[in-house]
Trainee: 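Structure incoming, see below.
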Amino acid sequence: MFPKPIEKRSRAAQVSYQAFLPLALVLWLLPLLAVALFSIKSDADFSSGNFWGVPSSFEFFNNYGKVFFESNMPRYLFNSLLITIPTVIGAVGLSAMAGFALGVYRFNGNLLIFFMFIAGNFVPFQILMVPVRDLTVNLNLYDTKTGLILFHIAFQTGFCTLFMRNFIRALPFPLIEAARVEGVAEWRIFWYVVLPLMKPAIAALAVLVFTFIWNDYFWAVVLTQGPGSQPVTAGITEFNSQFRAAYHLMSAGSIVAALPPVAMFFLMQKHFIAGLTLGAVK
């Protein structure tokens, strides 16, 4: 069922693995390295067609200075924080409660409700684009951070509930039964018994949701416009001029936009890995 570990394979397979792994790593990092190279080039390099050559001048401070002090990039970053953080709190909080109800209580229709939570994840975004936009317009939520937050919470709660419900069902149920025997209220069982055990899952889910919402471009373009409410993924296009794009500034802005989710992952790395692997072995 599971692939054989590389240590147990033939010597030829091990040598091939060691040879192709660095190549795969370089190919994987090549787009990021290209963006980092573009971010320190001058505009003249792109005008002359020097896309992959050595930069004619080192413009690191000039390019990143323009991104931070001569554009709306700080505002777009702040918008992304105002959108992403409430979304993570709302989606993880609601899914923790929904996962507790679906994972602990046994009642008729449990599976039906559970399937309804996750059914929306199988619908392509393109199909939802027009009705979701019309809904936000009718509710006066179009081009607002609130509308984008509410949509992301609603859409992310399905996947998060799937994650939380399966995690809670793997917890030792006798702990909950013992608390009930002692007469502990259900909300106290959730808050004082189940929630502390869910910390690894909450951390892992928070990193996943944070990364997805921060990097979202599709809904940022569909539901917002202008620097008042657009997140950083959509705001980077501000560096486009009428006839050609300012690739050096777009690349610098892309690097800046990528730093928060990377920092989030490294700060939560220990809990993230623990949350994904908990229960994987007996």
Side-chain angles (χ1 to χ4, degrees), residues 28-29 31-32 35-36 67-68 72-100 117-118 120-121 125 128 132 136 141 144-168 195-224 227-237 252-279:
W28 178 265
L29 294 177
L32 179 61
V35 172
V67 167
F68 277 105
N72 288 317
M73 179 61 69
R75 187 171 186 180
Y76 289 127
L77 290 171
F78 187 63
N79 288 344
S80 289
L81 289 175
L82 292 181
I83 292 170
T84 304
I85 294 176
T87 299
V88 172
I89 295 174
V92 174
L94 289 175
S95 64
M97 292 185 285
F100 175 76
F117 266 98
I118 64 175
N121 292 282
F125 287 164
L128 296 173
V132 168
T136 57
L141 293 174
T144 64
K145 292 185 283 290
T146 302
L148 198 55
I149 290 170
L150 292 177
F151 169 78
H152 280 311
I153 290 176
F155 200 82
Q156 291 300 313
T157 300
F159 167 75
C160 295
T161 300
L162 167 67
F163 190 93
M164 289 295 191
R165 183 253 192 187
N166 293 339
F167 186 88
I168 291 174
L195 199 61
L197 298 175
M198 294 169 58
K199 288 181 179 179
I202 292 174
L205 201 56
V207 174
L208 290 174
V209 175
F210 184 95
T211 303
F212 179 81
I213 301 303
W214 185 275
N215 292 331
D216 172 68
Y217 176 76
F218 182 84
W219 292 111
V221 174
V222 171
L223 299 181
T224 61
S229 56
Q230 275 191 333
V232 67
T233 49
I236 292 177
T237 56
S254 299
I255 295 294
V256 172
L259 292 179
V262 172
M264 175 75 171
F265 173 78
F266 281 106
L267 289 174
M268 303 289 289
Q269 182 179 10
K270 178 180 178 181
H271 302 288
F272 177 75
I273 296 175
L276 292 182
T277 59
L278 192 62

Trainee: Looking at residues at least two apart in the chain, or sitting in another chain, which of them share a ring-ring contact (aromatic ring centres under 6.0 Å, His included) with F100?
Mentor: Y105, F190
Trainee: Please tabulate, for the side chains in residues 197-209, all donor-acceptor contacts under 3.5 angstrom to protein atoms that are two or more places apart in sequence or on a different chain.
Mentor:
none

Trainee: Could you check whether any side-chain heavy atom of V232 comes within less than 4.5 Å of a side-chain heavy atom of P260, counting everything from C-beta outward?
Mentor: no
Trainee: Hey, is CZ on F218 packed in by over 12 heavy atoms from elsewhere, all under 6.0 Å?
Mentor: yes
Trainee: Are the side chains of V88 and I213 in contact, using a 4.5 Å heavy-atom criterion?
Mentor: no
Trainee: Check I168 against A96 and note the closest heavy-atom contact, atom names and distance.
Mentor: CD1-O, 4.1 Å
Trainee: With side-chain contact (heavy atoms from CB on, under 4.5 Å) as the test, would you mind laying out the steps for F68 and V256 before giving the verdict?
Mentor: CA-CA 9 Å; F68 277 105; V256 172; 3.7 Å; yes
Trainee: Would a distance-only check, ignoring hydrogens and angles, find a side-chain to backbone donor-acceptor pair under 3.5 Å from K145 to G228?
Mentor: yes
Trainee: Heavy atoms only: give me the nearest V67-A252 pair and the separation to one decimal.
Mentor: CG2-CB, 3.7 Å
Trainee: Can you list the residues that meet the side-chain contact (heavy atoms from CB on, under 4.5 Å) rule with L94, with sequence neighbours excluded?
Mentor: M97, I153, T157
Trainee: Can you name the closest pair of heavy atoms from S95 and T161 and give their distance?
Mentor: CB-N, 3.5 Å
Trainee: In chain order, what residues pass the ring-ring contact (aromatic ring centres under 6.0 Å, His included) check against Y217, with sequence neighbours excluded?
Mentor: none
Trainee: Quick one: side chain to side chain donor-acceptor pair (under 3.5 Å) partners of S254, sequence neighbours excluded?
Mentor: none
Trainee: Who pairs with L81 by side-chain contact (heavy atoms from CB on, under 4.5 Å), at least two apart in sequence or on another chain?
Mentor: I85, W214
Trainee: Between the side chain of D216 and the main-chain N/O of A220, is any donor-acceptor distance below 3.5 Å?
Mentor: yes
Trainee: Would you please classify the geometry between the F151 ring and the F155 ring as parallel, tilted or perpendicular, with 30° and 60° separating the classes?
Mentor: parallel
Trainee: Can you list the residues that meet the ring-ring contact (aromatic ring centres under 6.0 Å, His included) rule with F117, with sequence neighbours excluded?
Mentor: none
Trainee: As an exercise, state the distance from CE of M264 to CG of L259, rounded to the nearest 0.5 Å.
Mentor: 15.0 Å
Trainee: Who pairs with L141 by side-chain contact (heavy atoms from CB on, under 4.5 Å), at least two apart in sequence or on another chain?
Mentor: T136, L139, T144, T146, L150
Trainee: Between L128 and W219, is there a side-chain heavy-atom distance shorter than 4.5 Å?
Mentor: yes
Trainee: For N79 versus P231, what's the shortest heavy-atom pair and its separation?
Mentor: CB-CA, 4.3 Å
Trainee: Nearest 0.5 angstrom please: L82 CG to L77 CG, how far?
Mentor: 11.0 Å
Trainee: Measure from the side-chain N and O atoms of S229 to the backbone N and O of T224, and report whether any donor-acceptor pair falls under 3.5 Å.
Mentor: no
Trainee: Output all residues satisfying side-chain contact (heavy atoms from CB on, under 4.5 Å) with F212, sequence neighbours left out; order by chain, then residue number.
Mentor: F125, Q156
